[in-house]
Number of protein chains: 2
Amino acid sequence: MLCVASESVRSRILAAGQRITPQRDLIAGVLEAAEAPLGAQELLDAVALRDAGIGRATVFRTLQSLQDAGVVQHVPLPGDQGGYLLCPTSGHHHHLVCQRCGRVEDLLEDEVALFVGAVARDHGFDIDHAGLELSGHCSGCR
Amino acid sequence: MLCVASESVRSRILAAGQRITPQRDLIAGVLEAAEAPLGAQELLDAVALRDAGIGRATVFRTLQSLQDAGVVQHVPLPGDQGGYLLCPTSGHHHHLVCQRCGRVEDLLEDEVALFVGAVARDHGFDIDHAGLELSGHCSGCR
DNA sequence: GCGCTTCTGATACCTGGTATCATCTGCTTC
DNA sequence: GAAGCAGATGATACCAGGTATCAGAAGCGC
């Protein structure tokens, strides 16, 4: 596992006005190679495994930068602290996570919009923020 | 503000096989009197204000007990760490929070079930857990 | 009132995350 | 290719939220 970020990830980092450094490359690469969202400790460990010289401040700062760049999202998972996920698509969206294999699917914009619209109508709210995280078992894992 | 839990809260604590102690009474009372979800620090402060002898371990332990009893829910709020909320209705449900006045409404079971069902169908998942937290501005605050 | 069980408070610890600051380095300009 | 600077880095200390442990206190059924 080389753990170097793909061209598309790099170009999204550059597009956000941020520099490509070996550390960011490595951290983004680790996230890209991960099959499931990585928790903070898992990510720190995985990064340390590949380059013990990278400090924890750098890891968290890089996560913040990658979130700002829309490359990474923090997904709250049931029970624990949640994890960091490298998203192939930009922009805020929501996830459906398989608790067994860790597979992540993006929810469809339409179904989310329909639900949020119905809630807004029923309760008379203007909804600014929707945090929707669903988890269960995918077709292969049930 | 007496900050003593109502009868209905007490009976729900008892129904969960837990004891009523002055500390639990006070903590439940503080949550019951709060208009908006209380963050950990706010809650610790509010409890200390009324009885400085109550330790932080007791507060967190009591929150855990109250959550187990279905009396309290932890609601993740956008941006920050979320807060603790005393729910008038038992059982797992979801919330709609006004970011301005802190008012909380429960989402209707039907609208949630409809959404979760649609997602399950579209993605071929069995959905075990849905974390839905919506926030915005209520009719009075926009 | 007795005794079991649960609860409490103090304290130390853990995890996730941020702040600070001196040093280093990627990138632009020439 | 070298210079300069803004931005990135690593070390470290710190913070908040939460848990573990343990001796002692208190609730409640008998």
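All values reported here derive from a predicted model rather than from experimental measurement.
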Length of the [atom1]-[atom2] vector between [X] and [N], whole Å:
{"X": "A/Asp25", "N": "C/dC27", "atom1": "CG", "atom2": "P", "result": "11 Å"}
{"X": "A/Leu44", "N": "C/dT15", "atom1": "CG", "atom2": "C1'", "result": "10 Å"}
{"X": "B/Leu63", "N": "C/dC7", "atom1": "CG", "atom2": "P", "result": "14 Å"}
{"X": "A/Leu43", "N": "C/dG17", "atom1": "CG", "atom2": "P", "result": "10 Å"}
{"X": "B/Leu38", "N": "D/dG18", "atom1": "CG", "atom2": "P", "result": "12 Å"}
{"X": "A/Asp45", "N": "C/dG16", "atom1": "CG", "atom2": "C1'", "result": "13 Å"}
{"X": "B/Leu66", "N": "C/dC7", "atom1": "CG", "atom2": "P", "result": "11 Å"}
{"X": "A/Gln41", "N": "D/dG17", "atom1": "CD", "atom2": "P", "result": "20 Å"}

State, to 0.1 Å, how close B/Cys98 and B/Cys138 come at their nearest heavy-atom pair, and which atoms those are.
-> SG-N, 3.5 Å

B/Pro22 vs A/Gln18, nearer the 5' end of DNA chain D by closest nucleotide = A/Gln18

Of the candidate nucleotides D/dC28, C/dG17, C/dA10, which contains the atom at the shortest distance from the side chain of B/Ala57?
->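 Output: C/dA10.
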
Picking from C/dG9, C/dT5, C/dG26, the nucleotide nearest the side-chain atoms of B/Ile54 would be C/dG9

So what does [X] touch, heavy atoms closer than 4.0 Å: a base, only the sugar-phosphate, or nothing?
{"X": "B/Ala40", "value": "sugar-phosphate"}
{"X": "B/Thr58", "value": "base"}
{"X": "A/Ile20", "value": "sugar-phosphate"}
{"X": "B/Gly53", "value": "sugar-phosphate"}
{"X": "A/Arg61", "value": "base"}

So, is B/Thr21 close to the C/dT8 phosphate, meaning a side-chain N or O under 4.0 Å from OP1 or OP2?
->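 Result: yes.
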
Determine: side-chain N/O of B/Tyr84 to OP1/OP2 of D/dG17, distance under 4.0 Å, yes or no.
->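 The answer is no; no side-chain N or O of B/Tyr84 sits under 4.0 Å from OP1 or OP2.
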
Taking for each residue the nucleotide of DNA chain C with the nearest heavy atom, is it B/Gln23 or B/Arg56 whose nucleotide lies nearer the 5' end?
-> B/Gln23

What distance separates A/Glu111 CD from A/Leu96 CG, expressed to the nearest 0.5 Å?
->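 Between atom CD of A/Glu111 and atom CG of A/Leu96 there are 8.5 Å.
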
B/Asp106 and B/His94: side chain donor to acceptor below 3.5 Å = no

Between B/Thr58 and B/Gln23: side-chain donor-acceptor atoms closer than 3.5 Å =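 Looking only at side-chain atoms, B/Gln23 and B/Thr58 do not form any donor-acceptor pair under 3.5 Å.
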
Linked, directly or transitively: A/Val112 and B/Leu134 (ILVMFWY side chains, under 4.5 Å) | yes

Under 3.5 Å donor-acceptor pair, A/Arg19 side-chain atoms to D/dA6 base atoms =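 Side chain to base: pair found, below 3.5 Å.
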
